[in-house]
**Q** 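Below is a structure I'd like to ask you about.
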2 protein chains.
Amino acid sequence: MTTKANATDDSFHVFDTTLRDGAQREGINLTVADKLTIARHLDTFGVGYIEGGWPGANPRDTEFFARAQKEIAFENAQLVAFGATRRAGGSAADDPQVKALLNSGAPVITLVAKSHDRHVELALRTTLEENLEMVRDTVSHLREQGRRVFVDCEHFFDGYRANAAYAKSVVRTAHEAGAEVVILCDTNGGMLPAQVQAVVSTVIADTGARLGIHAQDDTGCAVANTLAAVDAGATHVQCTANGYGERVGNANLFPVVAALELKYGMKVLPEDALAEMTRISHAIAEVVNLTPSTHQPYVGVSAFAHKAGLHASAIKVDPDLYQHIDPELVGNTMRMLVSDMAGRASIELKGKELGVDLGDDRALVGRVVERVKERELQGYTYEAADASFELLLRGEVEGRARRYFRTESWRAIVEDRPDGTHANEATVKLWAKGERIVATAEGNGPVNALDRALRVALERIYPQLAKLELIDYKVRILEGRTGTESTTRVLITTGDGVGDWATVGVAENVIAASWQALEDAYTYGLLRAGVEPTE
Amino acid sequence: MTTKANATDDSFHVFDTTLRDGAQREGINLTVADKLTIARHLDTFGVGYIEGGWPGANPRDTEFFARAQKEIAFENAQLVAFGATRRAGGSAADDPQVKALLNSGAPVITLVAKSHDRHVELALRTTLEENLEMVRDTVSHLREQGRRVFVDCEHFFDGYRANAAYAKSVVRTAHEAGAEVVILCDTNGGMLPAQVQAVVSTVIADTGARLGIHAQDDTGCAVANTLAAVDAGATHVQCTANGYGERVGNANLFPVVAALELKYGMKVLPEDALAEMTRISHAIAEVVNLTPSTHQPYVGVSAFAHKAGLHASAIKVDPDLYQHIDPELVGNTMRMLVSDMAGRASIELKGKELGVDLGDDRALVGRVVERVKERELQGYTYEAADASFELLLRGEVEGRARRYFRTESWRAIVEDRPDGTHANEATVKLWAKGERIVATAEGNGPVNALDRALRVALERIYPQLAKLELIDYKVRILEGRTGTESTTRVLITTGDGVGDWATVGVAENVIAASWQALEDAYTYGLLRAGVEPTE
C-alpha cells in the first residue's frame with residue numbers, strides 16, 4: 001500500500017490519547033508535571049494530535065491546558081481538549097461544560113457522543129432525537145467559535161449491531177454539523193478485524209464522512225482492528241503510548257505507527273522520528289511509573305533478542321533472514337546475549353543528542369557502553385535520567401568524574417512522636433574547595449532534610465544552587481526481588497526555572513538511593529550553570 | 001460463523017506449543033517437573049495437541065516424553081514430539097535425530113521444514129531439490145512407522161515473498177508425502193492479518209493441503225493473524241499459554257480460543273472448559289515463575305475492571321452495555337475501581353464484590369462515599385489499594401476501625417558512614433492485648449528496619465504474621481511541582497503465600513507514609529487470617 005499522507009499535511013491523523021483515555025489505566029495516576037513531560041515526549045515523537053484531558057471536568061486537566069500552552073512550544077502536535085455534547089434540553093451556547101472546553105484555548109476539540117440507542121436511553125436518559133440535536137447543536141456551536149471539531153462515537157460498534165440506522169444517523173449528523181472527523185469507537189473492545197473492516201467500509205459508503213478509529217484491546221486485536229479500519233478507508237487513528245488504557249488497554253501507538261510507516265509505506269511521522277520510538281516508549285513508562293514491558297512489539301528489550309547458537313552464524317551472514325525489520329529503524333537493537341539495553345548506536349545517538357562529541361573514538365564509545373551495561377546490571381536506568389547519563393558520559397570523555405564537592409558522610413533520622421507529629425533531621429559532612437563543612441537541617445521528611453542540609457552546606461560556596469528546585473521524585477523497587485529488602489531506584493527531577501533534568505540513584509535503601517540522585521542533581525545543576533569542577 | 005468442529009472430532013486443531021516454542025521466551029527455564037505440571041493444566045483446559053519438546057535434542061525433553069506418557073492420563077490432548085527433517089544426503093531410516101522422535105513414543109510428530117529458499121541454502125547448506133527430498137523421505141518414513149505427521153513450514157511467509165513457487169512446492173511435497181496438516185509459520189512475526197489471509201487462501205487453493213497457522217507477535221497482531229488464517233480456511237492453530245515465546249512471543253492461546261468459541265461460535269474446547277481459562281492462565285504463569293500479566297485480554301485482573309463514577313449506575317442496570325462478554329464465561333469477574341469519581345453506586349458494587357453487606361443503608365453508603373472523597377483529597381488512592389479500602393469500609397460498617405495493636409511511637413535512623421556502608425535501625429513502641437512492647441531492629445533500609453521491628457514486636461502475640469511477605473513497594477510524590485516537600489503516597493503489596501493485597505499510606509514523608517501502609521498491611525493480614533480485633 002502506498003500513500004499521499006505525510007507528517008506535514010493533514011490527510012492522515014495520528015491522534016494520541018495517552019493523557020486522556022490512557023490515564024484510565026488501573027494504577028496510573030498522573031500529576032500535571034507528568035502530563036507536561038509526556039506531552040513533550042509525544043510532540044518530539046511527532047504525533048499530530050495530543051488529547052490532553054477534559055478541561056472543566058477536573059482541575060488537574062484545566063491546569064494542564066493552561067500550562068501546556070504557556071510552557072510547551074509544540075513542534076508537531078496540536079493540543080486537543082476532550083469533552084461531551086451539551087446536556088439534554090439545554091443549549092450548547094450556555095452549557096458550562098462546553099464553555100470550559102472553549103476556555104481551555106485548545107484549537108481542536110473532541111466531543112464524545114452516544115451512538116448506541118440503549119446508551120442514549122439508559123445512560124443519557126434522553127430521546128434518540130434529542131441526542132442527535134445535542135450533537136448537531138454542540139458541533140455547530142464550537143465550529144462557530146472557530147474550533148476544529150472531531151466527534152468520538154462512543155460504543156459505536158455495539159450500537160451498530162443493535163441499531164445500525166441510528167448509529168449511522170449520529171455519524172451523519174456530526175458530519176453535516178461540521179465535524180472534520182467522526183471516530184468510530186470500539187469502547188467495549190470486543191471487535192475483530194474482519195468485522196471492523198466491514199463496518200467501517202459500509203459507514204464510509206453510507207455517510208460520506210471522514211472516519212477515524214478508536215480501538216480497545218479486549219480481544220487482543222486493537223492494533224489489527226486499527227489497521228483494518230485504515231484498510232477500509234479510515235484516515236485518523238486514536239492510540240495511546242504503550243497501549244495504556246482502561247481494562248486491557250487501548251490500541252498501542254507504537255506498533256500502529258510502525259506498521260503504517262514500515263509495512264504500509266505511509267509517512268505519518270516527521271523524518272527520523274521512528275528511530276526515537278524505543279527511547280520514547282521507555283521514557284513515558286518511567287514517567288507513569290510502570291516498568292516498560294520487555295515483550296512489547298518493536299520497542300521491548302526482548303523484541304529483537306535472539307537465543308544465540310543454532311542461527312547465530314546465519315544471523316551474522318544475513319540478519320534480515322531472522323528479523324522482520326531492522327531494529328535500528330525503531331531505535332531498538334538486535335541482542336544475541338541477554339541483559340544489557342545499551343548498544344554503540346544508542347550511545348552515539350545519545351551523545352549527539354546531548355551535544356557531547358564522541359568523535360570517531362570507537363574505544364571511548366566502547367568504554368561508555370561497558371559502563372552503561374555494568375550500571376544497568378546494578379539497576380540504573382538512563383532512559384529517564386539523561387542528566388546522570390550525561391555526567392557518566394562526560395566522566396568518560398574527560399577522563400574523570402565532574403566533582404564540585406566530596407561527601408564524607410551523612411545521617412537522617414525520622415521520629416514519630418506519641419502526639420503523631422514527626423521530627424525529620426539530617427546531617428551532612430562534606431568537603432568543597434578544600435573546606436570541610438558540617439551542616440544539619442530539618443525537613444518534612446528524611447530526603448527533604450538531606451536536600452536542605454546539602455543546600456545549607458553548599459549555598460555559600462555555590463550561590464547558583466539557590467534557584468534549584470526538586471520537581472519530582474519517583475521510587476521503584478526493582479523487579480525479581482522481594483518487598484523492602486530489594487534494590488531501590490530513585491529518579492529525581494530538578495529544575496532551575498529554565499529547564500528540568502532527571503537523575504538516578506540505586507542503592508539497597510530509599511534514602512541512600514535518594515542521596516545519590518541528589519548528588520547528581522546538584523552536580524548537574526552546577527554543570528548547567530557553567531561552574532568549573534573544583535574537586 | 002458457525003462450525004462443525006467440536007473437541008471430540010478432529011476437524012479443528014487447537015495445538016499448544018508452550019512447552020516447545022513458548023519455552024524459548026527470554027527468562028523461562030523449565031524443569032521436567034514444570035513441563036509435566038503445565039501439560040496437566042493444558043490437558044485440563046482441553047487443547048487437542050500438546051507439543052512437549054524435541055526428544056533427542058536435549059535430555060530434559062527426552063525425559064519429559066518418557067515420564068509424560070507414564071505419569072499423565074491425558075483426557076483431551078495428544079502428545080506431540082517436535083523435530084527436524086533428516087539431514088541432507090542421508091536417509092530418514094537411519095537418521096539418529098529421526099530415530100529419537102520415534103523412540104519418544106509420541107503418537108504425533110511435528111517436523112520443521114525449511115520453506116524459504118535462502119534459508120535452505122544459507123542455514124541448511126543444501127540444494128532446493130534435496131530439501132524437498134528431505135521432507136518427502138522423512139514424512140513418509142514416519143508415516144510408515146505409524147505416526148501422524150504435521151509439518152511446520154518455517155519462515156513460510158517471508159519465503160513466499162521471496163519465492164512463492166518454491167514455498168508452495170514444500171507444502172505440496174509434505175502434503176503428498178502424507179502430512180496431515182501443513183503449518184504456515186510466520187517465524188519472524190512480521191505479517192499483518194490482511195496479508196496472512198491472502199497468502200493462506202492462495203496456498204489452500206493451489207495445494208489442496210490442510211493448513212495450520214503459527215504466528216509470532218512481532219507486529220502485535222499474532223492473535224489477529226491466527227484468526228485471519230482461520231477466516232481463510234486454516235483448521236489448525238498453534239499457540240502458547242499467555243503468548244510466551246521468543247522475542248515478543250507467540251499467538252496467545254487464550255484470546256485465540258476465546259475468540260473462536262465466543263465470537264465465531266465454534267466449539268473447540270470441551271464443555272465448560274472456557275470457564276477455567278483465567279485460573280489456568282494464572283496457574284501456568286506461576287509454574288514458569290512470571291507474574292501473570294494484569295492487562296492480558298480476557299484473563300487479566302484488569303480485563304473487566306471499570307473506573308466506577310460516571311457509568312456505575314448504568315452498569316448496575318445493564319452490565320452488558322459495558323463489557324464485550326460476560327467475564328464469568330472465561331472465569332474472570334467484573335471489578336469496580338474506587339476512584340475519586342466514586343459515587344454511591346460504585347461503593348455498593350464494591351461492597352458486594354468484597355462480600356461486605358451494605359444492605360439498603362443509604363446513610364452508611366453516604367458516609368463511606370464521604371470518607372473516600374475526603375481521603376482521596378488527601379492523596380489516598382483506593383483504586384490500587386483494595387485492602388485499605390476494605391478496612392475503611394468495614395470500619396464504617398462495624399462502627400469502629402479494626403485494630404490489633406496501637407502504635408505509641410517509632411523512630412528510624414539511616415546513617416551513611418565514611419566507608420560508604422549504611423546503618424539502618426528502627427525502634428517501635430506499641431500496645432497489643434494490653435501489653436506495651438518496645439522492639440528495635442536493623443534492616444537494609446529504614447522501611448525494612450521498621451517492618452522487621454514491627455514483626456519482632458508482634459510475632460509472639462500474632463504468630464499468623466510469620467508468613468507475611470512484602471511483595472512490592474511503590475512510592476509516588478503527589479502534586480509534582482515541589483519535589484521532596486510534597487505529600488508522599490506509598491503503595492505496599494503484601495502476600496501470605498495464598499494471595500496478596502495492597503495497602504496505601506499517605507504522609508508528608510516517605511517513611512511515615514510507609515509506616516501507615518505497613519500498619520494496614522499487617523492489620524489486613526490478621527483480618528484475612530480470621531483473627532478477632534483486640535483493641
Side-chain angles (χ1 to χ4, degrees), chain A residues 24 26-27 29 31 33 118 122-123 188-190 192-194 218-221 223-224 231 247-249 255 259 263 295 297 302-303 305 314 321 323-324 408-418 422 424 444-448 451 470-473 475 477 483-485 508-512, chain B residues 26 118 122-123 188-190 192-194 218-221 223-224 231 247-249 255 259 263 295 297 302-303 305 307 314 317 321 323-324 337 381 384 408-418 422 424 444-448 451 470-471 473 475 477 480 483-485 508-512:
Chain A
Q24 295 293 306
E26 186 175 6
N29 195 325
T31 65
R118 289 270 295 138
L122 192 77
N188 291 341
L192 299 174
D218 299 71
T219 61
C221 294
V223 170
D231 295 341
R247 304 189 310 277
V248 173
K263 311 281 180 180
H295 288 67
S302 297
L321 285 178
Q323 57 193 15
H324 71 111
E408 179 183 299
S409 71
W410 53 262
R411 180 181 66 237
I413 303 174
V414 184
E415 193 152 9
D416 170 88
R417 306 201 195 83
H422 299 119
N424 304 282
N444 64 356
V447 178
N448 179 236
D451 181 29
L470 257 69
I471 289 173
D472 197 15
Y473 174 80
V475 181
I477 299 302
T484 49
E485 285 192 355
E508 79 288 0
N509 81 64
V510 63
I511 309 298
Chain B
E26 200 177 353
R118 288 271 295 140
L122 193 77
N188 291 340
L192 299 175
D218 298 72
T219 61
C221 294
V223 170
D231 295 340
R247 303 189 310 276
V248 173
K263 310 283 180 178
H295 288 66
S302 296
K307 292 222 176 184
V317 182
L321 284 177
Q323 56 193 17
H324 71 112
L337 304 176
T381 175
E408 179 184 298
S409 71
W410 53 261
R411 180 181 68 237
I413 302 175
V414 183
E415 192 151 9
D416 169 90
R417 308 200 194 83
H422 299 118
N424 304 281
N444 64 357
V447 178
N448 178 235
D451 180 28
L470 259 70
I471 290 171
Y473 175 80
V475 181
I477 300 301
T484 49
E485 283 188 357
E508 79 286 0
N509 81 65
V510 62
I511 308 297

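Reckoned from all heavy atoms, side chains included, excluding hydrogens, waters and symmetry mates.
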**Q** For A/R247 versus B/H295, what's the shortest heavy-atom pair and its separation?
**A**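 Taking A/R247 first and B/H295 second, the nearest heavy atoms are O-CD2, 2.9 Å.
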**Q** Which answer fits B/P418, side chain, backbone, both or neither, if we ask what part of it has an atom under 4.5 Å from a heavy atom of chain A?
**A**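 Both the backbone and the side chain of B/P418 come within 4.5 Å of chain A.
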**Q** Please classify the contact of A/E26 with chain B as side chain, backbone, both or neither, using a heavy-atom distance under 4.5 Å.
**A**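 Its backbone and side chain both get close to chain B.
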**Q** Name the member of A/P193, A/A412, A/G189, A/C221 that forms the most heavy-atom pairs with chain B at distances under 4.5 Å.
**A**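 Top option by heavy-atom pairs under 4.5 Å: A/A412.
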**Q** Name the member of A/T219, A/V510, A/I511, A/N188 that forms the most heavy-atom pairs with chain B at distances under 4.5 Å.
**A**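 Ranked by contacts with chain B, first place is A/N188.
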**Q** Which one of A/I413, A/V223, A/N424, A/V414 has the most heavy-atom pairs closer than 4.5 Å to chain B?
**A**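 Sorted descending by pairs with chain B, the first entry is A/V414.
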**Q** Measure across A/A512 and B/H422 and return the closest heavy-atom pair with its distance rounded to 0.1 Å.
**A**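 Minimum heavy-atom contact is CB-CE1, 3.3 Å.
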**Q** So how far is it from A/D218 CG to B/H324 NE2, rounded to the nearest 0.5 Å?
**A**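 Going from the CG atom of A/D218 to the NE2 atom of B/H324 covers 4.5 Å.
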**Q** Is B/L192 close to chain A through its backbone or its side chain, or both, or neither, when contacts mean heavy atoms under 4.5 Å?
**A**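 Contact with chain A: side chain only.
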**Q** Identify the heavy atoms of A/V248 and B/P297 that sit nearest to each other, and give their distance.
**A**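 Where A/V248 meets B/P297 most closely, the heavy atoms are CG2-CA, 3.6 Å.
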